[in-house]
Amino acid sequence: MLDLRYVVDHLDEVRAGLSRRGAGATVALDELAPLSIERRDVIVKLETLRAKKNEVSAAMAKVDKKSDEFAKTRDEMRLVGEQTKELEAKQKAVDAKIEELLLYIPNVPDATAPDGGGSDENQIVRTWGEAPKFAFAPRDHADLGVANNTLDFERGTKISGARFTVLRGMGARLERALMQFMLDVHSNEHGYVEIWPPVLIKDTTMRGTGQLPKFAKDAFRIAEWDENGEAQAYQLYLAPTAEVPVTNLHADEILDGASLPIAYTAYTACFRSEAGSYGKDTKGLIRQHQFDKVELVRFVKPETAQVEHEKLTSHAEAILQKLGLHYRVALLCTGDMGAVSKKTYDLEVWLPAQNTFREISSCSWFGDYQARRAKIRYRAEAGSKPELVHTINGSGLAIGRTLVAIYENFQEADGSIRVPKVLVPYMGGVEKIPAHGA
RNA sequence: GGAGAGCUGGCCGAGUGGUCGAAGGCGCUUGAUUCGAAAUCAAGUGAUCCCUUACGGGUUCCAAGGGUUCGAAUCCCUUGCUCUCCGCCA
């Protein structure tokens, strides 16, 4: 979330920044300024009373408890106590209102994020490789995977419902190979520390990175049984991305400035309800309730954030390059960017069957927005004031979509699929997934 | 699931109603000493929010939330978490 003081002191600037996201993003700002003044008034009154209480209480310790003077002061202070309680209740109410507003206000886009209303106004900043040429009509991954018996959509639906898929044989092996390969590259070549986090996470953790309260409907929440055997909502969510548990590793911490940047990579299964995406990408692996992803997370000093963001993006790109997959990098416009982000690059991989690029990674710089929510700070040097870190993360990469890209880009006329060279060792030496019975 | 113990500053650990942001120790920082280091000695060493141009002043924080009281780290209630033993379990 944004800093109340900063918002109120720079109202016009913040308003101008938020308005770039489109109408509606600035609505809450107008309520904030008067509330902030009210908050300060309450605090000043409250603290004056408390100071008096503390002063008098200290004096009373030395007074004879049976004296009239003691009784008189005590009665006076009883009144002060009541007033204090009223003011405390008022402060709580005002703070809650402010918090509520702030939690729903999105991040201010960075100046380098282009203006725009939707995905067609994103800027393509670079393109890598070339689209493969086929002497035949390329088939999509779902057809290939059903034919070679590595993707079982029907049984996925049978056991778990729509948007669940079973990987089988070399499909399952490829998924695992990709996970290992990505983690190896990031930890060995890019200097990330590997993390294996829980995927059931608390609501406060979801709040820290901004998934809650605004996007509650996008996440799965688990239930527990009450004494009547009824399912009751339980305060644990299925992580929609490793970003959530991994970023929150350092929640409520003051990090040593010398330890920055901290870089983590983590594989997790990811769970998304995909509310509001009915009818979209219903065929194949593109949009699932459960999918695998390797994530990259960096905690950095503010002054290095832009450079760090580019660096992280290049780390995600390296995976695509090593696999030999044609892709492009899109700088998202303000209207297409996530609410928490200041600036986002999407990596889009070429999918020949769809004759288009599809998102396979999203690399975002969040400024101090997540850090403020999650209270992730650092001390530049011994004795200096704690400051908020900047957080950056990105997929490195979405594994299911990578498998899709490999199937579609490396298919042969007979329906077999070439395994990218770098993955062959991870596939136990297999260089080609056969067209049938894989 | 059953029984018990506990949760205090970066760490260890005192503190059971007032003078406690909290003894003592460790760690850390600075200075002295040293050719330098170790050891030793001295001083300092949390966060939060509010007021103030500044200097500075004040508030809150002893797991969290509520309560009792003129006054709570200390008493009461609720919740969470940790540990030990038993049971169950991949």
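Order of the sequence lines fixes the chain letters, A, B, ..., with proteins taken first and strands second; residue numbering starts at 1 for each chain.
Taking the C1' atoms as reference points, B:A23 lies 15 Å from B:U74, given to the whole Å. Spacing of P atoms, B:U60 relative to B:G21, comes out at 10 Å, to the nearest Å. Nucleotides B:C61 and B:A54 have their P atoms positioned 26 Å apart, rounded to a whole Å. With P as the reference atom, B:C11 and B:G46 are 14 Å apart, rounded to whole Å. Taking atom P on both B:G10 and B:U69, the two are 34 Å apart, rounded to the nearest angstrom. Rounded to whole Å, the separation between the P atoms of B:A42 and B:G25 comes to 10 Å. Nucleotides B:C62 and B:C7 have their P atoms positioned 14 Å apart, rounded to a whole Å. The gap from the P atom of B:C12 to that of B:U84 amounts to 16 Å, rounded to the nearest Å.
A:Tyr369 pairs by the side chain to side chain donor-acceptor pair (under 3.5 Å) definition with nothing, not counting sequence neighbours. Scored by the side chain to side chain donor-acceptor pair (under 3.5 Å) test, A:Glu88 finds A:Arg50 as partners (sequence neighbours excluded).
A:Tyr192 carries A:Arg298 over the face of its six-membered ring, with the cationic atom under 6.0 Å from the centre and within 45° of the normal.
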**OP:** Can you check each nucleotide of nucleotides 62-72 of chain B against protein heavy atoms at under 4.0 Å and return B for base, S for sugar-phosphate only, - for none, in 5' to 3' order?
**Re:** ----S-S-BS-

**OP:** Walk me through it: do A:Asp281 and A:Arg358 pass the test salt bridge (charged side-chain N to carboxylate O under 4.0 Å, His left out)?
**Re:** CA-CA 11 Å; A:Asp281 303 313; A:Arg358 287 301 301 254; 3.0 Å; yes

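Remark: A:Arg377 is in phosphate contact with B:U48, judged by side-chain N or O atoms under 4.0 Å from OP1 or OP2. For the pair A:Arg39 and B:C50, the criterion of a side-chain N or O lying under 4.0 Å from OP1 or OP2 is met. Distances shorter than 4.0 Å separate some side-chain N or O of A:Arg5 from OP1 or OP2 on B:C50. Here A:Asn54 reaches the OP1 or OP2 of B:U59: one of its side-chain N or O atoms lies under 4.0 Å away. The side chain of A:Lys375 places no N or O atom within less than 4.0 Å of a non-bridging phosphate oxygen (OP1 or OP2) of B:U48.
Residue A:Glu303 places its CD atom among more than 12 non-hydrogen atoms of other residues, nucleotides or ligands, all under 6.0 Å distant.
Between A:Phe181 and A:Tyr426, the ring planes lie perpendicular to each other; the angle is over 60°, past the 30° to 60° tilted range.
Of the listed residues (A:Glu295, A:His250, A:Glu194), just one forms a side chain to side chain donor-acceptor pair (under 3.5 Å) with A:Tyr264, and that residue is A:His250.
Considering only the side chain of A:Pro386, B:A47 comes nearest among B:A47, B:U60, B:G58.
Counting non-hydrogen atoms under 4.0 angstrom, A:Ala58 reaches nothing in the nucleic acid. Among the protein residues, A:Lys202 comes within range of no part of the nucleic acid, since none of its heavy atoms lies under 4.0 Å from any strand.
Comment: A:Asp95 engages A:Arg39 in a salt bridge, judged by a side-chain N to carboxylate O separation of less than 4.0 angstrom.
Across the strands present, B:A63 finds its partner in B:U79; the criterion is a Watson-Crick or G-U wobble pair with both atom distances under 3.5 angstrom.
If you measure from atom CG of A:Leu87 to atom C1' of B:C49, you get 16 Å, rounded to the nearest angstrom. Rounded to whole angstrom, the span from the CZ atom of A:Arg50 across to the C1' atom of B:C49 amounts to 10 Å. Per the geometry, CD1 belonging to A:Ile254 stands 15 Å off C1' belonging to B:C28, to the nearest Å.
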